S.K.: 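If you scroll down you'll find the structure; I have some questions about it.
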Amino acid sequence: MTDTFKKPGLHIVGGGLAGSEAAWQAAHQGVPVFLYEMRDGKKSTPAHKTSGLAELVCSNSFKSIRLNSVPGLLKFEMEQLNSVIIAAAKKAQIPAGQALAVDRLILSATVEEQLANTGCITRVAAEVTELPSKEEMEERGQAWILATGPLTSEPLYKYIQSNLLAESTDLAFYDAIAPVIEADSIDYEKTYFANRYEPEKDDYLNIPLNKEIYDQFISDVQTAEYSPLHAFESTPYFEACLPIEVMAKRGPETLRFGPLKPVGLEDPKTGEIPHAAIQLRRENADATMFSMVGFQTKMKWPEQKRVFQKIPGLENAVFYRYGSVHRNSYLNSPKCLNENLSFCKNNRVFLAGQISGVEGYTESTAIGLLAGRLAAAMLEEAEFTLPPPSSVIGSLHHYVTKGVIGPFQPMNANFGLLPKLEKSDILKTGKKRMGRRDRRDLQCVLAKQKFEHYFENSQDKNLN
Ligand SMILES: Cc1cc2nc3c(=O)[nH]c(=O)nc-3n(C[C@H](O)[C@H](O)[C@H](O)COP(=O)(O)OP(=O)(O)OC[C@H]3O[C@@H](n4cnc5c(N)ncnc54)[C@H](O)[C@@H]3O)c2cc1C
């Protein structure tokens with residue numbers, strides 16, 4: 001415990017992307033901030049290499065800047081909301097076509113300089129292993145933000161598990177993510193809705209496979225290229241969510257007795273149970289996205305596209321998210337958080353960044369931005385009006401606090417999180433039908449309008 005633990009103000013644990021952004025946002029509201037980063041001291045994570053704030057751990061790209069793309073729109077919205085990370089990324093920009101790629105050292109140095117210039121952020125070189133009690137926080141006039149990322153240090157991980165969750169299982173150590181597909185890109189002629197246990201229900205979209213196609217699929221999975229495991233990821237997999245390649249290695253029939261089990265899935269076209277069946281599950285209430293049940297995998301992304309597009313019905317599949325399996329601490333946020341990103345168990349502690357269940361540099365920063373504003377608003381007894389779910393940043397906030405129909409797993413910003421286009425939206429453009437690219441462009445135009453309306457009309461002092 002350091003001396004700063006007793007001081008009033010906002011205490012932020014983790015000086016990564018989300019923590020740095022949260023500190024900047026709160027400092028701009030005049031709140032004293034204490035920013036704890038263990039890499040400043042003796043400890044690091046298995047992925048970070050420097051002691052600098054806002055270090056990018058892998059790629060140096062913040063993805064597209066095009067306003068007719070979801071990542072581009074998210075950056076536009078964050079820029080309007082005075083994001084220090086986006087401003088620093090623009091300063092550190094290096095040529096990369098339509099992507100915002102950066103010199104990572106310039107990015108980190110710029111963020112450090114900007115935070116220091118606020119004059120109200122104190123950096124503390126320490127690993128935080130536990131927090132004061134809620135009563136102590138109230139007495140001292142404190143709020144806390146946890147922004148410790150996917151590689152949260154173990155003592156704090158244990159503290160969160162014991163003190164802040166609804167159930168201890170609400171904190172995951174690994175993510176085992178199945179691919180998510182755009183609903184409109186599926187060929188429904190080759191699929192059918194059925195639920196194994198209640199045949200009258202249409203909970204799953206099933207893809208029947210005959211023996212020949214199944215055998216080819218197993219061979220493709222066995223011979224595809226896979227991403228190597230990092231040394232820190234060598235922990236054995238959970239038996240309950242094995243990657244498909246691990247199951248396929250155990251024998252050609254393993255998947256047919258696991259996630260590709262055809263039992264109870266009579267194909268209405270043939271009246272027969274198929275040799276095997278792949279199940280897709282709706283990922284959101286609008287049914288604009290489907291996830292491939294049990295398809296968590298470390299197959300390289302281009303390989304996933306190649307292998308999965310061979311599956312009947314998925315020939316033209318558009319992947320919103322590819323499958324993955326990696327070390328990633330994240331919480332079941334919709335179960336544990338209030339709407340303002342504070343914990344239900346202690347509303348003086350807020351959650352930010354990748355650990356809240358988003359995925360990616362910009363997304364993690366976006367939740368840091370909101371957490372910084374919301375925590376500052378609580379300390380200042382002020383209001384911060386959240387962006388609407390129809391904007392990109394609002395859709396991420398909505399995802400983190402409300403979740404989806406299926407199991408909650410880290411999500412990047414994508415079209416599937418934005419509201420579905422209504423027929424009336426299309427008619428207003430003077431067209432009767434629209435191709436996918438035009439529909440996506442229109443979704444971006446509408447999301448931008450919603451954000452701008454929010455930004456212009458919000459009366460609270462925090463916004464400008
Ligand atoms: C190996 C790996 C590669 C990734 N590659 C990409 C990529 O290429 N592109 C992409 O968009 N996303 C990538 N991600 C996902 C994610 O966007 C990044 O991890 C991003 O940095 C998350 O931001 P954050 O602020 O939530 O966490 P981080 O940036 O990780 O920041 C968390 C900070 O908290 C500190 N910390 C942890 N525990 C404590 C503690 N107890 N006390 C004090 N400090 C603590 C850490 O040292 C760290 O500085 C990757 C993730 C990993 C793990």
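The model shown is predicted, which means the values in this text are computed figures rather than measured ones. We're numbering straight along the sequence, starting at 1. Atoms considered below: every heavy atom in the structure, side chains included; atoms not considered: hydrogens, waters and symmetry mates. In listed order, ligands and their atoms are each counted from 1.
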S.K.: Using a 3.5 Å cut-off on N or O atoms only, is Ser153 in polar contact with ligand 1?
M.R.: yes

S.K.: Find out whether Pro46 and Leu151 are in side-chain contact, i.e. whether some heavy atom of one side chain is under 4.5 Å from a heavy atom of the other.
M.R.: yes

S.K.: Within the structure, does Thr152 bring an N/O atom to less than 3.5 angstrom of an N/O atom in ligand 1?
M.R.: no

S.K.: Which part of Ala147 is near ligand 1, with near meaning a heavy atom under 4.0 Å away: side chain, backbone, both or neither?
M.R.: backbone

S.K.: Consider every N or O of Glu359 and every N or O of ligand 1, then say whether any pair is closer than 3.5 Å.
M.R.: no

S.K.: Is a side-chain donor-acceptor pair under 3.5 Å present for Ser342 with Asn340?
M.R.: yes

S.K.: Could you list which atoms of ligand 1 come closer than 4.0 Å to a heavy atom of Ser364?
M.R.: 17 (O), 22 (C), 23 (O), 26 (O)

S.K.: Which atoms of ligand 1 sit under 4.0 Å from any heavy atom of Pro150?
M.R.: 19 (O), 27 (O), 30 (O), 53 (C)

S.K.: Verify the distance criterion only: is there a donor paired with an acceptor across the side chains of Ser108 and Glu55 at less than 3.5 Å?
M.R.: no

S.K.: Once you measure the plane-to-plane angle for Trp144 and Tyr36, does it fall in the parallel (<30°), tilted (30-60°) or perpendicular (>60°) bin?
M.R.: parallel

S.K.: Within the structure, does Leu17 bring an N/O atom to less than 3.5 angstrom of an N/O atom in ligand 1?
M.R.: yes

S.K.: Heavy-atom distance under 4.5 Å between the side chains of Glu456 and Glu452, does that happen here?
M.R.: yes

S.K.: If we ignore angles and hydrogens, is there a donor and acceptor under 3.5 Å between the side chains of Ser64 and Ser69?
M.R.: yes

S.K.: How about Val128 and Glu37: do any of their side-chain heavy atoms sit closer than 4.5 Å?
M.R.: no

S.K.: Can you list the ligand 1 atoms lying under 4.0 Å from a non-hydrogen atom of Ala18?
M.R.: 25 (O)

S.K.: Of Leu351, Ile145, Leu386, Leu370, which meets side-chain contact (heavy atoms from CB on, under 4.5 Å) against Leu341?
M.R.: Leu370

S.K.: Is it the side chain (CB and beyond), the backbone, both or neither of Asn328 that lies under 4.0 Å from ligand 1, heavy atoms counted?
M.R.: neither

S.K.: So if I count the atoms of ligand 1 from 1 in the order they appear, which ones are less than 4.0 Å from some heavy atom of Ser59?
M.R.: 8 (O)

S.K.: When you compare ligand 1 with Glu37, is there at least one nitrogen or oxygen pair between them that comes in under 3.5 angstrom?
M.R.: yes

S.K.: Just which atoms of ligand 1 are under 4.0 Å from any heavy atom in Leu156?
M.R.: 41 (N)

S.K.: Does Ala126 have a heavy atom less than 4.0 Å from any atom of ligand 1?
M.R.: yes

S.K.: Taking distance alone, with no angle check, do Ala352 and ligand 1 share an N/O pair under 3.5 Å?
M.R.: no

S.K.: For Gln354 and ligand 1, does the shortest N/O to N/O distance drop below 3.5 Å?
M.R.: yes

S.K.: What part of Thr148, side chain from CB on, backbone N/CA/C/O, both or neither, has a heavy atom under 4.0 Å from ligand 1?
M.R.: both

S.K.: Does any donor atom in the side chain of Glu21 or Ser83 lie under 3.5 Å from an acceptor atom in the other side chain?
M.R.: yes

S.K.: Before signing off on this row, confirm whether Arg39 and ligand 1 have an N or O atom pair separated by under 3.5 Å.
M.R.: yes

S.K.: Could you tell me whether some N/O pair between Val128 and ligand 1 is separated by less than 3.5 angstrom?
M.R.: yes

S.K.: Is Glu363 touching ligand 1 with its side chain, its backbone, both, or neither, if touching means heavy atoms under 4.0 Å apart?
M.R.: neither

S.K.: Going by the closest heavy atom to atom 43 (C) of ligand 1, which one wins out of Met38, Glu130, Lys63?
M.R.: Met38

S.K.: Using a distance-only test with no angle check, is there a side-chain donor-acceptor pair under 3.5 angstrom linking His11 and Gln142?
M.R.: yes

S.K.: Check the side chains of Glu339 and Thr401 for a donor-acceptor pair under 3.5 angstrom, ignoring hydrogens and angles.
M.R.: no

S.K.: State the atoms of ligand 1, each with its element, that fall below the 4.0 Å cut-off from a heavy-atom position in Gly353.
M.R.: 26 (O)

S.K.: For Thr45, take its heavy atoms, then give the atoms of ligand 1 lying under 4.0 Å from any of them.
M.R.: 46 (C), 47 (O)

S.K.: For ligand 1, is there an N or O atom under 3.5 Å from any N or O atom of Val57?
M.R.: no

S.K.: For atom 27 (O) of ligand 1, state which one of Pro410, Gly52, Ser20, Gly149 supplies the nearest heavy atom.
M.R.: Gly149

S.K.: Please check if any side-chain donor atom of Thr45 sits under 3.5 Å from a side-chain acceptor atom of His48, or the reverse.
M.R.: yes

S.K.: Side chains of Gln25 and Gln29: is there a donor and an acceptor less than 3.5 Å apart?
M.R.: no

S.K.: Where does the angle between the aromatic ring planes of His28 and Trp24 fall among parallel (under 30°), tilted (30 to 60°) and perpendicular (over 60°)?
M.R.: tilted

